There are 2 protein chains.
Amino acid sequence: MSVTESIASTTGLTGKDRYTISEVAALTGLTAHTLRWYERIGLLPQVDRSHTGQRRFTEQDLGWLTFVGKLRLTGMPVADMVRYAELVRQGDHTRDDRRELLEATRRDVLTRITELQDTLAVLDIKISHYGTACGGTPS
Amino acid sequence: MSVTESIASTTGLTGKDRYTISEVAALTGLTAHTLRWYERIGLLPQVDRSHTGQRRFTEQDLGWLTFVGKLRLTGMPVADMVRYAELVRQGDHTRDDRRELLEATRRDVLTRITELQDTLAVLDIKISHYGTACGGTPS
DNA sequence: TAAAACGTTTGAGTGCACTCGAAGCAAGTA
DNA sequence: TACTTGCTTCGAGTGCACTCAAACGTTTTA
């Protein structure tokens, strides 16, 4: 979604409606290899093809990839993301499952934020020890 | 450090000063295999041995493992943790390097927290869409 | 038209962080 | 004494998420 928006906002247009694999690689930071792999495992829906069989990504695909990128940052396993993608493909009757999956993910993210803040506190303590000339062993 | 402290606070003693590998496994959640592997790669300092050659972990070791656990949560590669452990072993003249390493890690952690909060916002938007009966495709 | 740049597929390889198995020794228990 | 449990080492295996190679087809530029 945000990639789509940024294209729209920086070009003043809706943007092209078809992107080659190398364009998408440049936009997302993923490699072409990874994009093909994502499609193969079902993390990307069936990508449109040109008349010669080359991939042509839509803005929807870009939006989905941006979201997947965020999920990846949470440490969600690819298999779970594939599961979510499958639910989306299966249509409207999976809405409850999807919401639940997202809520579980949300809880995980909150936990991870807490863990990281905890770690941050430990790091600050250690760094402050180094800052002063206290000479303690950092264990 | 916190493991040591919690032992001290729950037993009212300083705690034993030597722990078997299975005790440490139970305390840290790591497997005995992993603990041996940590020592082998230099992530743990040389662990003391009993007269029969069995490992006897000290409270210092426990504290170090707790810290390593925190670093692991940040996604720091094991190789970097080994590097830090080496600096500690090399003594006081590596203090500056160590502080710098910790400060770089601190910056990484802050970045990751920001990323996660960003992801949280996206999740909240999506969840709110599911919460209301808006029927939009989540892409 | 020729060359380069980019695309396709399948299947195999890589790097990380464990994780396990096998073979064997040592201490404690019935 | 026999059994159980736990320890040792070494090297191989696992699961994840890519990552690459090979062989070939297509599109664009000079």
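Proteins get letters first, then strands, A, B, ... in listed order; numbering begins at 1 in each. All values derive from a computational prediction rather than experimental measurement.
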Colleague: Taking the nucleotide of DNA chain D with the nearest heavy atom to each, does A:R56 or B:R49 sit closer to the 5' end?
Modeller: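 It is B:R49, whose closest nucleotide lies nearer the 5' terminus.
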Colleague: Please report the distance, rounded to the nearest Å, between NE2 in B:H51 and C1' in C:dA26.
Modeller: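 Distance check: B:H51 NE2 to C:dA26 C1' gives 9 Å.
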Colleague: Has B:T34 got a side-chain N or O lying under 4.0 Å from the OP1 or OP2 atom of C:dA17?
Modeller: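 No, because none of the side-chain N or O atoms of B:T34 sits under 4.0 Å from OP1 or OP2 of C:dA17.
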Colleague: Can you see whether A:T105 engages A:D108 through a side-chain donor-acceptor pair at a distance of less than 3.5 angstrom?
Modeller: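 Per modelled atom types, A:T105 and A:D108 side chains form no pair under 3.5 Å.
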Colleague: Can you check whether B:R72 has a side-chain N or O nearer than 4.0 Å to OP1 or OP2 of C:dC18?
Modeller: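 It does, given that an N or O in the side chain of B:R72 lies less than 4.0 Å from OP1 or OP2 of C:dC18.
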Colleague: Could you state the atom-to-atom distance from CD of B:E39 to P of D:dT9 in whole Å?
Modeller: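 These atoms are roughly 7 Å apart.
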Colleague: Would you mind telling me which of C:dA17, D:dG11, C:dG7 lies closest to the side-chain atoms of B:R40?
Modeller: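 Of C:dA17, D:dG11, C:dG7, D:dG11 is nearest to the side chain of B:R40.
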Colleague: Tell me whether the OP1 or OP2 atom of D:dT27 has a side-chain N or O from A:T52 closer than 4.0 Å.
Modeller: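 Checking D:dT27 against A:T52, a side-chain N or O does come within under 4.0 Å of OP1 or OP2.
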Colleague: Decide, yes or no, whether a salt bridge links A:D96 with A:R99 under the criterion of side-chain N to carboxylate O below 4.0 Å.
Modeller: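 A salt bridge links A:D96 with A:R99.
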Colleague: Can you measure B:F57 atom CZ to D:dC7 atom C1' for me and round it to whole angstrom units?
Modeller: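 B:F57 atom CZ is separated from D:dC7 atom C1' by 11 Å.
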Colleague: Of B:M76 and A:A32, whose nearest nucleotide on DNA chain C comes first from the 5' end?
Modeller: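 Counting from the 5' end, the first nearest nucleotide belongs to A:A32.
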Colleague: Would you mind reading off the distance between B:I41 atom CD1 and C:dG15 atom C1', rounded to a whole angstrom?
Modeller: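 Distance check: B:I41 CD1 to C:dG15 C1' gives 14 Å.
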Colleague: Establish, with yes or no, whether the OP1 or OP2 oxygen of C:dC6 is under 4.0 angstrom from a side-chain nitrogen or oxygen of A:T20.
Modeller: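 It does not, given that no N or O in the side chain of A:T20 lies less than 4.0 Å from OP1 or OP2 of C:dC6.
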Colleague: Considering only heavy atoms and no angle criterion, is a donor-acceptor pair shorter than 3.5 Å present between the side chain of A:H33 and the base of D:dC18?
Modeller: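 Under the 3.5 Å cut-off, the side chain and the base do not form any donor-acceptor pair.
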Colleague: Return yes when atom CZ of B:R83 has more than 12 non-hydrogen atoms of other residues, nucleotides or ligands closer than 6.0 Å, and no otherwise.
Modeller: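 No - once you tally the heavy atoms of other residues, nucleotides and ligands closer than 6.0 Å, there are 12 at most.
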Colleague: Of B:Q54 and B:A79, whose nearest nucleotide on DNA chain C comes first from the 5' end?
Modeller: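 On the 5' side of the pair lies B:A79.
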Colleague: With respect to the side chain of B:S22, which nucleotide from D:dA17, C:dC18, D:dG6 is positioned closest?
Modeller: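 Of the options given, the side chain of B:S22 lies nearest D:dG6.
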Colleague: Of all the heavy-atom pairs spanning A:E23 and A:T20, show the shortest one and how long it is.
Modeller: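 Closest approach of A:E23 to A:T20: OE1-N, 2.8 Å.
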Colleague: Can A:E115 and A:R112 be counted as an ion pair, charged N to O under 4.0 angstrom?
Modeller: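 Here A:E115 pairs with A:R112 in a salt bridge, since their nearest N and O are under 4.0 Å apart.
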Colleague: Rounding to an integer number of Å, can you tell me how far A:R36 CZ sits from D:dC20 P?
Modeller: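 Rounding to the nearest Å, CZ of A:R36 and P of D:dC20 are 12 Å apart.
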Colleague: Quickly work out the B:W37 CH2 to C:dG15 C1' distance and round it to whole Å.
Modeller: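 From B:W37 CH2 to C:dG15 C1': 12 Å.
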Colleague: Rounded to whole Å, please give me the gap between CE in B:M81 and P in C:dC16.
Modeller: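 Checked: the CE to P distance equals 13 Å.
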Colleague: For A:L71 and D:dA17, what is the distance between atoms CG and P respectively, to the nearest whole Å?
Modeller: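 Answer to the nearest Å: 12 Å.
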Colleague: Using OP1 and OP2 only, check whether a side-chain N or O of B:R55 sits under 4.0 Å from D:dT9.
Modeller: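 Looking at the OP1 and OP2 atoms of D:dT9, one of them is under 4.0 Å from a side-chain N or O of B:R55.
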Colleague: Quick check on D:dC18: is either OP1 or OP2 less than 4.0 Å from any side-chain nitrogen or oxygen of A:Y38?
Modeller: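 So the side chain of A:Y38 is within the cut-off, an N or O lying under 4.0 Å from OP1 or OP2 of D:dC18.
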